[in-house]
Amino acid sequence: MAVTDAGKTSPIEAAPLPAPPAEAPLKRFLSDFADSRLALGAALLLAAIMIVAFLAPVIAPQDPYDLATVSVLDARLPPGTENFAGYTHWLGTDGAGRDLLSAILYGLRISISVGLASGVIALFVGMAVGLVAAYVGGRTEGLIMRVVDLQLSFPAVLVALILLAILGKGIDKIVIALVVAQWAYYARTVRASALVERRREYVEAAQSLGLSHARIIFRHILPNCLAPLIVVGTVQTAHAIALEATLSFLGVGLPQTEPSLGLLIANGFEYMISGKYWISVFPGLALLLTIVSINMVGDQLRDVLNPRLQK
Amino acid sequence: MNDAPTLQVTDLKTHFFTKAGVAKAVDGVTLSVNRGEVLGLVGESGSGKTVTGFSILGLVDQPGRIVSGSIRLNGEELVGKPEADLRKIRGRKVAMIFQDPMMTLNPVLRVDTQMIEAIRAHGDVSEEAARERSREALVRVGIPSPDERLQSYPHQFSGGMRQRVAIAIALLNEPDLIVADEPTTALDVTIQAQILYEVQKLCAETGLAMIWITHDLAVVGGLADRLAVMYAGRVVEEGPVDQVLDAPLHPYTRGLIGSVPSHNRRGARLSQIPGMTPSLLHLPEGCSFAARCPRADDACRVMPPLEGFGPSRAARCHHPFTAENDGQEIDLTFNE
Amino acid sequence: MSETPILTLENVSKRFIRRLDAAEKLVNVFGADRREQVVHAVDDVSIAVKQGEVVGLVGESGCGKSTLGRVVAGIHAPSEGRLLWRGQDVESASAELQRDARLKVQMIFQDPMSSLNPRMRVRDIVGEAPRVHGLVSGAGVKDYVDDMLLRVGLDPSFRDRYPHQFSGGQRQRVGIARALAVKPEFLVCDESVAALDVSIQAQVLNLFMDLRTDLGLTYLFISHDLGVVEHLSDRVVIMYLGRVVETAPTDELFREANHPYTKALLAEVPRIDTRKRKFQPVKGEIPSPLDPPPGCHFHPRCPFAFERCKREAPALKEIAPGRHSACHLNDGG
Amino acid sequence: MSVFILRRLMQSALVMVAMAVIVFFGIHLIGDPVWMFVSPDMDQQDIEEVTRALGLDRPIWEQFGYFVLSALQGDLGTSFIFGEPALGLIIERMPATLELAFTALLMAVAFGIPLGLYAGLYPDSAVSKAIMAGSILGFSLPTFWVGIMLIMVFAVILGWLPSTGRGDTVDLFGVPVSFLTLDGLKHLLLPAFNLALLKISLVIRLTRAGTREAIHQDYIKFARAKGLSTRRIIGVHLLKNILIPVVTVLGLEFGSLIAFSVVTETVFAWPGMGKLLIEAIQQLDRPIIVAYLIMIVFLFVVINLIVDILYSILDPRVRLGDRGA
Amino acid sequence: EDLTIAVGAEATSIDPHFHNLGPNNQLGFQIFDRLANPDERQNFEPGLAVSWAPIDDTTWEFKLREGVKFHDGSDFNADDVICTFERAPNVPNSPAGFSTYTKGKTFVKVDDYTVHVKTDAPYPLMVNDLGNVAIVSNETGCDASTEDYNSGKAAAGTGPYKFVEYVPGDRIVLAANHDYWGEKPTWETVTIKPIKSGPSRVAALLAGDVDVIASVPTTDIETLKGRDDVTLSQGVSNRVIYLHIDQFREASPFVKANGGGDIKNPLMDKRVREAISKAISRELIRDRVMEGLSIPAGQLLPEGFFGVSENLKPDAYDADAAKALLAEAGVPDGFELTIHGPNDRYVNDAKIVEAIAQMLTRVGIKTQVETLPRSVYFSRASSGADGLPEFSLILVGWGAGSGEASSPLRALIATNDKDKGMGTANRGRYSNPEVDKVIEEALAEVDDEKRAGLLAKATEMAIGDYAIIPVHYQVNTWASRKGLKYIPRTDEYTVAYGVVKE
Ligand SMILES: Nc1ncnc2c1ncn2[C@@H]1O[C@H](COP(=O)(O)OP(=O)(O)OP(=O)(O)O)[C@@H](O)[C@H]1O
Ligand SMILES: Nc1ncnc2c1ncn2[C@@H]1O[C@H](COP(=O)(O)OP(=O)(O)OP(=O)(O)O)[C@@H](O)[C@H]1O
Ligand SMILES: [Mg+2]
Ligand SMILES: [Mg+2]
């Protein structure tokens with residue numbers, strides 16, 4: 001007897017049951033997220049920062065990386081000064097004569113790119129490793145998790161510091177260092193939630209439905225591990241940005257002619273006592289706003305995505 | 001029967017003021033329990049049984065609140081009492097046992113700590129005396145080698161043992177009433193039987209009043225003296241256990257009993273109540289069961305009162321299955 | 001019996017072993033005694049299920065019911081023993097046959113929340129496997145899913161919803177639709193109604209009974225609720241700590257159980273028709289499966305235990321036609 | 001327990017080896033340390049002589065082999081710049097770093113737990129929201145930036161506390177400590193707070209999260225049902241439970257405290273091993289870098305052991321020796 | 001009275017022979033004496049030797065000071081000198097010792113207070129060499145290990161201050177040596193604290209934690225000038241900051257044609273090098289990068305040093321001339337170039353590199369900047385993968401330790417020749433046999449006046465070739481609290497006896 005034929009004449013129940021009102025998950029997520037004014041504000045601010053950062057080449061008054069337009073003649077001008085070309089530096093200029101506003105915009109772009117790039121790569125690496133560990137189990141898992149433990153037992157700053165000392169400077173290098181310093185967090189997070197998910201009955205159902213391992217891992221388990229990953233991802237991205245700043249401060253990290261926010265601050269740091277506050281305060285504020293807004297968004301995501309806190 | 005009931009709950013309303021709206025978890029519950037009596041409180045998930053229990057102990061948390069009604073324990077009104085006074089009553093006059101034995105004991109404190117503090121919270125008892133009383137309580141619930149057990153941590157106990165410890169803690173100050181919230185649901189049948197055995201013995205020995213919350217009609221059938229059936233925050237039927245189970249008045253009770261598989265009707269289709277429990281946020285006007293009730297008519301648009309049927313029974317229905325009309329529809333089924 | 005059973009378990013065991021790691025092996029070299037921890041979740045179980053039969057599997061928590069169910073459904077491979085599908089050893093069959101046999105056995109789970117992938121829509125939950133296995137064409141999936149939903153009593157318009165938008169009973173129906181979608185002949189129901197309220201439970205049980213008549217399905221119905229098992233099954237298998245202690249046709253078992261454990265169990269079950277009874281429980285706790293008692297696993301709690309029970313595990317023997325029990329008392333005590 | 005310690009040791013040995021290999025070969029790739037030391041007046045011959053004297057002329061694997069051999073005898077090499085055993089140099093500076101880290105830890109607990117508890121118990125109050133906002137700020141601020149701000153405000157502008165250095169020390173069991181003298185304490189305050197800031201935020205959040213979760217647990221409700229006072233419920237039932245994650249995480253974070261002391265020590269000129277490391281990295285003083293990392297791993301092992309023991313005291317469910325402990 | 005000094009770099013050892021390194025030498029200056037002590041302008045004054053003179057072509061005679069006692073109470077005499085020069089080049093584990101100064105010399109004790117130093121060839125720089133080596137005591141110091149010095153056991157010199165305590169990373173404490181043979185020390189105890197970060201150092205001064213700080217960051221000078229509770233002292237140093245130019249390779253690794261193609265190394269053309277020099281506005285760097293704290297340089301040492309030329313002036317900034325020169329050299333549209341420099345070695349090094357890059361870009365040489373920590377920079381700048389200098393245009397500095405022009409000429413200008421020890425730091429590989437000849441001649445000339453002339457001549461020839469492009473001489477700044485003043489030193493050292501009350 002074919003299952004399909006019987007459908008229409010099913011004797012079971014004339015009227016199918018009603019269900020609770022349908023609500024799209026995305027909408028629910030957004031409304032939950034918007035619950036906190038602060039977080040909403042932070043999200044909007046973050047969006048604005050991202051847009052501004054990525055449009056930097058379009059909106060910045062100066063290309064601070066073009067040495068032909070930057071001159072030490074303009075170095076250390078206080079905010080609001082007009083330079084010889086008649087252009088007003090609203091936030092002043094830094095020690096090399098870069099327009100600070102432009103430098104901050106470009107710096108934001110670099111900082112955010114570094115944070116995002118390292119975050120995304122580390123996320124993918126960690127995710128793959130963590131998922132495999134959780135799903136395969138046994139010795140493979142043991143081995144992978146030992147490596148993760150080793151990595152985690154070493155603070156990210158140290159790892160990045162040593163690595164950068166070895167690799168040298170450059171955006172690619174710092175991304176590599178940050179990835180190495182961070183992937184393990186993702187691996188651990190994914191594994192933890194994948195272990196929980198793997199024991200869920202829907203995975204057993206998928207197994208008994210004869211679906212392939214790859215399909216089960218990526219179509220079934222992975223989407224359910226994303227929530228904590230996203231939370232860890234936001235926090236780690238903020239962390240990466242701060243870490244990059246710290247590394248720049250310690251003298252390893254990025255090349256100085258294309259300063260990230262961290263490097264701008266570090267460079268401005270030496271002007272602090274001399275009263276040329278703007279060189280480091282403005283980039284500092286930009287960095288602070290970025291990190292704080294990312295963290296606030298992450299915080300709220302954590303609350304919204306955490307099933308235990310729901311309802 | 002004694003003159004005053006140990007507990008008299010009248011028209012209790014406990015609402016939760018959530019973002020999505022006001023959840024009327026308990027919306028006019030009236031109950032009474034006498035000395036030495038076990039009242040079974042049954043109902044489906046979400047019908048407000050637990051919240052009723054918490055209301056009696058004054059343990060309703062934000063965003064919930066007792067909105068109105070009265071809870072009298074030995075004649076003493078509890079609603080509106082300041083927290084400090086309630087604290088003195090909790091554990092002293094009323095005690096509570098929870099569903100999940102794995103979660104009710106603090107995992108990081110030794111059993112003796114948890115027992116002794118319960119005694120010393122209510123009186124100036126020496127550590128030694130308190131320990132001795134704890135020991136006795138453990139013996140009473142049938143825990144072997146209590147001295148050793150006192151020194152243990154909860155994780156060293158099995159589920160059934162833990163639930164016994166919880167019961168022992170509830171008994172420590174010899175309360176007048178124990179509210180037991182599904183204490184055996186998480187346990188295996190053989191272990192459940194052990195607990196039921198101890199409880200039965202205790203009630204008989206001490207004259208303790210008890211509210212036994214469960215969704216398992218079979219368990220209360222064997223244990224309770226009287227039964228109250230809850231639906232959507234209200235008691236819809238109440239009475240002695242035999243009468244309620246054998247001759248239910250309310251269509252809901254009847255449906256519930258009909259859906260329990262039993263060997264009398266092996267292999268036969270079970271009776272099923274159509275539809276599902278309404279959301280407490282959007283309760284319909286009038287009788288909340290009307291939408292699922294085969295007997296519902298226009299009269300049900302108005303909330304029926306909890307009406308007495310005979311000396312000890314009550315039901316909240318416009319069309320109860322009373323002796324007069326019962327003959328028409330005796331087979332306990334609904335839609336077939 | 002002449003007819004080949006649809007599914008046969010021959011001396012199936014399933015062990016979960018926690019192996020020693022390098023450090024533990026090392027201390028063992030220095031004379032410590034670290035052992036592997038072995039859980040005999042299923043211990044030498046043989047069962048044959050006939051076409052169209054409903055076999056109830058009863059036992060207390062941790063006795064290995066679910067593990068046995070998983071072995072039957074092909075989620076776990078047995079550590080020992082053979083699994084025969086229509087008389088054919090699944091292990092040694094060709095890959096294709098193996099897959100087919102596996103699809104023919106589907107499982108319905110206990111927890112209506114965790115048994116559905118919360119991030120998938122109903123149409124994917126139900127439609128994924130048939131499409132992957134080519135049971136239905138890409139274009140036909142929608143209709144196919146609608147059919148399945150109708151069959152389990154759900155409105156096809158629900159197909160775009162996510163699991164959380166359903167009530168418990170409805171979710172359980174989605175789970176059943178998912179299983180039905182690969183045209184199974186055998187359903188393993190692992191506590192499929194335990195998490196549901198009685199009124200909902202009745203709906204789902206009715207659905208199971210209807211499907212049995214409509215589709216000729218065979219069931220292994222796992223439950224600790226004797227009432228449910230009694231209502232539904234033709235034959236009951238009782239397990240205790242990984243072993244089958246008794247099997248019998250339902251009527252006979254409930255009329256008169258043979259094994260002391262079964263007897264105790266039947267006595268303990270609360271029934272709606274017994275009132276104000278005196279509870280007289282079995283003594284003792286359920287032992288840990290990590291360290292089960294020697295001999296007959298039940299002997300520490302058994303009122304009739306004697307010397308031999310401590311030493312020797314009783315074999316499952318036929319005590320009457322169609323009835324088996326594993327108790328030394330049956331050896332002419 | 002012995003298995004547990006053994007497992008830890010095996011794991012750490014692995015880290016040490018991995019670290020040593022990476023650093024050893026990595027630094028070889030960066031550049032020739034000799035160029036860091038030679039004085040301008042030296043000619044090629046002198047330079048080659050120095051190279052030979054330091055053993056840097058030999059193939060890297062040979063150097064490594066030699067390193068491993070002497071490391072097994074407890075000799076982690078001689079610092080290129082100081083000419084003294086690297087291990088000794090690190091141990092000499094360890095008390096300063098540890099003192100800083102422990103003080104920071106103490107501050108983290110002393111500020112973090114009460115604030116976190118408050119925020120968890122009254123999540124909707126304005127004060128709690130301020131605490132949480134502050135904690136976000138706390139872990140968003142780059143350490144070095146906060147450090148210089150602290151110096152600016154408390155040392156330069158207000159003049160309340162000294163800006164840099166360690167101050168007077170007295171010997172406690174042969175180890176110089178500064179918290180026992182007033183001057184030392186004054187010097188300790190700013191850097192310790194700088195270092196603690198991040199952890200205070202962390203503890204606040206952990207405590208709050210723990211509180212929020214625990215408060216809904218049955219055992220808290222059960223404790224209330226027993227009629228216990230709020231003080232006892234919070235002070236005993238709640239606190240003991242939330243201490244478990246706090247202790248675990250702080251234990252793990254102690255490593256990062258030590259790591260971040262690299263930054264703090266640089267800003268505050270605190271004579272600890274972090275400062276030594278940064279300088280060693282800048283000058284390619286390979287023996288010090290390797291020895292530092294090995295010491296750190298060792299420290300971690302010890303600290304983790306202590307944490308685990310603490311953990312098993314706090315949480316009776318944990319038995320050392322269990323898998324994955 | 002007590003004095004606390006904050007310095008930027010910490011001494012790595014108390015042992016004066018362990019490492020020939022600025023911070024160590026500066027500490028040693030206070031505890032130990034040399035045969036001749038350099039004054040603040042690096043002129044050698046009688047130290048433990050009261051006089052010295054060549055007695056023949058290959059022998060110098062040193063007359064020693066009598067009645068001097070070491071801090072440990074032992075007497076100073078010729079034995080101490082002999083054993084010192086035995087020990088100095090042979091300290092175990094020394095990363096870079098003093099063999100440079102002792103090599104090729106034989107020390108002979110004539111009597112208790114006379115020592116002869118013999119060389120194979122005439123050696124005019126004898127005092128400059130020996131004036132760098134601290135004399136230690138043959139009783140305690142000569143057989144002592146570096147650890148003994150660090151622990152204080154062996155750290156006895158004859159200098160104005162005695163060693164008291166060494167807390168690595170935190171402080172070194174000295175006390176006045178009241179028996180000092182020279183000018184009596186002003187300060188009862190001296191505490192030297194290493195504070196690496198510039199702003200922190202300034203903060204420490206402003207907070208009153210220290211009395212004197214060395215290496216005031218240029219950025220803070222303006223602020224400090226404005227305060228009346230701080231006194232600044234500035235002085236030019238012996239360090240020239242200059243560009244080294246790859247002029248020996250046809251294909252220079254960091255020179256590319258416009259658009260990135262290969263190009264014959266234009267830096268080999270003197271006109272291009274001149275264009276670079278003219279494109280650089282040394283005044284602008286002084287004013288905007290160094291905040292006034294540099295002196296535009298036209299040669300290897302500032303005026304007043306031994307062997308400098310009086311004819312050489314810094315190139316004036318002239319962009320048009322630079323462009324014209326480029327056109328003349330066949331690269332009218334310039335080319336692409338990467339300039340390398342350290343970022344943690346000289347005052348504002350990275351900023352200078354960046355400013356130069358800006359300026360070169362303006363005349364058409366599209367310049368990229370790469371700055372590296374010195375740990376990586378110097379080894380790559382000296383010998384890259386193939387053993388040759390890796391970069392094309394680099395910013396470097398040179399401090400003339402001996403205080404005369406022979407030092408940079410020999411190291412930077414002379415043709416690179418390992419065996420002769422010439423051109424050891426010639427990273428541009430400039431090579432002009434005629435210049436080499438003059439330098440060699442000068443190095444063998446014992447007559448000071450003649451030597452000065454030869455050195456000046458060699459300098460003029462090399463600068464005329466644009467062998468290197470001098471940028472500026474560093475000016476160092478010390479700051480002290482009101483009432484104190486530091487006498488600036490050309491060797492950049494910070495020593496307690498340089499701090500005087502105003
Ligand atoms: N803190 C709360 N906030 C909002 N609503 C709540 C809260 N606690 C309980 N409720 C609501 O009160 C109703 C009754 O809950 P209650 O726990 O009393 O049900 P119950 O009868 O005990 O069910 P179960 O058998 O599942 O334990 C539920 O619908 C629930 O949604
Ligand atoms: N994947 C596994 N790894 C290790 N042990 C397991 C695993 N699965 C089950 N077990 C163990 O096997 C034993 C039997 O478990 P199983 O889940 O089959 O019991 P059950 O009878 O279904 O119990 P319940 O009624 O609680 O569902 C238990 O002791 C369990 O701890
Ligand atoms: Mg409940
Ligand atoms: Mg199970």
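Model, not experiment: these values are computed from the prediction. Basis for what follows: all heavy atoms, side chains included, without hydrogens, waters or symmetry-related copies. Letters go in sequence order (proteins before strands), and every chain restarts at 1.
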Side chain, backbone, both or neither: which part of [X] has a heavy atom under 4.5 Å from chain D?
X       : answer
V179(B) : neither
A84(B)  : neither
L59(B)  : both

Please work out whether the ring planes of F254(D) and F102(D) are parallel, tilted or perpendicular, with thresholds of 30° and 60°. tilted
For [X] versus [Y], what's the shortest heavy-atom pair and its separation?
X       : Y       : result
S55(B)  : I71(B)  : O-CD1, 3.5 Å
L86(B)  : K81(B)  : CD1-O, 3.9 Å
V203(D) : L250(D) : CG2-CD2, 3.8 Å

Does the cation-pi check pass for K199(D) over F111(D), that is, NZ or CZ under 6.0 Å from the six-membered ring centre and within 45° of its axis?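 Verdict for F111(D): no cation-pi partner in K199(D).
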Between I244(D) and chain B, which part of the residue has a heavy atom less than 4.5 Å away: side chain, backbone, both or neither? side chain
Give a yes-or-no answer on whether the side chains of E265(D) and T97(D) include a donor-acceptor pair shorter than 3.5 Å.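 There is such a pair (donor and acceptor under 3.5 Å, judged by atom type) between the side chains of E265(D) and T97(D).
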Option that, when pairs with chain B are counted at under 4.5 Å, heavy atom only, ranks first among H237(D), Q217(D), K240(D):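 Answer, by heavy-atom pair count under 4.5 Å with chain B: H237(D).
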Please identify which of these residues, T185(B), D216(B), T184(B), meets the side-chain hydrogen bond (donor to acceptor under 3.5 Å, both in side chains) condition with Q192(B).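 Among T185(B), D216(B), T184(B), the one that satisfies the side-chain hydrogen bond (donor to acceptor under 3.5 Å, both in side chains) with Q192(B) is T184(B).
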Could you tell me which residues in residues 96-115 of chain B have at least one non-hydrogen atom under 4.5 Å from a non-hydrogen atom of chain D, sorted by residue number? M96(B), F98(B), D100(B), M103(B), T104(B), L105(B), N106(B), P107(B), V108(B), L109(B), T113(B), Q114(B)
Counting neighbours of CD on E148(B) that are heavy atoms of other residues, nucleotides or ligands and sit closer than 6.0 Å, is the number greater than 12?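 Not more than 12 within 6.0 Å, no.
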